[in-house]
Amino acid sequence: MSVQVRIKRPFPVDLDRYRKRVFSTIRRYRLVEMGDVIYVAVSRGKDSCAALALLKEYVDSAKIDAEVKALHINLGFKTSDRVEEAVKTLANRLGVSLHVVHAKDYLDIEAAARATGRPICSVCGAVKRYLLNKVPRELGATKVATGHHAHDFLAYYFKNLAGRHFEWNFKILPRLDGQGLILTRIRPLIFARPEENEELCRSLGLPFSEVCCEYGLCGAAHAEVYEMIYAARRRDPDFDLKLLGGIVDFNLKYGRSTHGEVRRCEICGEPSSGVICAVCKLRLRLGTSPGLKSPKPL
């Protein structure tokens, strides 16, 4: 059963102000530079659709010598092929090239979740992080962009505070510079709200979905934080952006290296914080589980 996180609209959406804010973010933090090849991770959700559309619009309008392309990960679920077709329609409509990678070529997410007992969203997240660095880099990307918005980052901030993972909050930046095999990551929508992203997609007639897969759990864990944000905005409609702006400024002034010690996985050679990366650990568990198909060699 899927869980849909409904977007409240207690405040009007001004698309002109929204566009200016996103474009200002791109300029101020040098998210797009001459010669860039940027792959935008597109899931078919409203946020990734908006990120792709606005990055393409910015590059075209500013006449920057840079390429914006789309990357879609087919998760291998029941609805994934239909999602892939919708992403192809989106890419064609925006006039961008699309590269599709199939997660099952690296790991069967559902089988790995069953074999390890880990929540499927945890396994899916590990595979996505792996592929969103590996695949664009091998395709010649200089940067990879995601559609995470302001409320995603605020939810991440409060979750890390509650969990005492203070150092993780230093990753809340519009741009995380790469290191070695780790690509530079950019977040053009860091100062955008989810309802603004949805309104942009509707205004442009772009196909998008409320959920990314049949499990539909993405964002559900953040629902309480979203409620808190909207409650605070009733007193100050820009409270969310002011708070996030303060967090970003603090991180830029006082933050330290966000990658820590980066090794290379002894199995696949990809960046890892340990001897073996998270995906290869899952593949090993899956390969030794009775009755399960052995994983495909990297």
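- For the pair I186 and Y29, the minimum side-chain heavy-atom distance is 4.5 Å or more.
- Summarising the local packing, CZ of R27 is surrounded by more than 12 heavy atoms from other residues, nucleotides or ligands at distances under 6.0 Å.
- With S272 contributing its side chain and R263 its backbone, the two residues share no donor-acceptor pair below 3.5 Å.
- Counting only N and O atoms by type, the side chains of N251 and N169 include no donor and acceptor under 3.5 Å apart.
- V83 and F208 end up in different hydrophobic clusters when Ile, Leu, Val, Met, Phe, Trp and Tyr side chains are linked at under 4.5 Å.
- A salt bridge links K88 with E85; the closest basic N to acidic carboxylate O contact falls under 4.0 Å.
- Atom NZ of K242 sits about 9.5 Å away from atom CZ of F239, to the nearest 0.5 Å.
- A 4.5 Å side-chain heavy-atom check between L282 and R118 finds at least one atom pair inside the cut-off.
- R19 places a side-chain heavy atom less than 4.5 Å from the side chain of L200.
- The aromatic rings of H151 and H149 lie perpendicular to each other, with more than 60° between the two planes, well past the 30° mark.
- At least one side-chain heavy atom of S203 sits under 4.5 Å from a side-chain heavy atom of L15.
- Between K143 and E33 a salt bridge is recorded (basic side-chain N to carboxylate O distance below 4.0 Å).
- Looking at Y18 and E199, their side chains never come closer than 4.5 Å, going by heavy atoms from C-beta outward.
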Checking salt bridge (charged side-chain N to carboxylate O under 4.0 Å, His left out) for the pair D47/R187: CA distance, chi angles, key distance, verdict? CA-CA 11 Å; D47 306 311; R187 291 84 171 255; over 6 Å; no

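- Salt-bridge check for R137 with E270: passed, with a basic side-chain N closer than 4.0 Å to an acidic carboxylate O.
- Counting only heavy atoms from C-beta outward, the side chains of P207 and R44 never approach each other to under 4.5 Å.
- Here the rule is salt bridge (Lys or Arg N to Asp or Glu O under 4.0 Å) with E196, and of R17, R21, R202, K20 only R21 fits it.
- Remark: K253 does not engage D249 in a salt bridge, criterion side-chain N to carboxylate O under 4.0 Å.
- Side-chain contact between C268 and Y130 is present, with at least one heavy-atom pair separated by less than 4.5 Å.
- One hydrophobic cluster, built from ILVMFWY side chains closer than 4.5 Å, cannot hold both L181 and V262; they sit in different ones.
- Other residues, nucleotides and ligands place more than 12 heavy atoms under 6.0 Å from the CZ atom of F166.
- Salt bridge present: R233 and E195 bring a charged side-chain N and a carboxylate O closer than 4.0 Å.
- Around OH of Y157, the count of heavy atoms belonging to other residues, nucleotides or ligands within 6.0 Å does not exceed 12.
- Side-chain contact check for K134 versus Y106: some heavy-atom pair is nearer than 4.5 Å.
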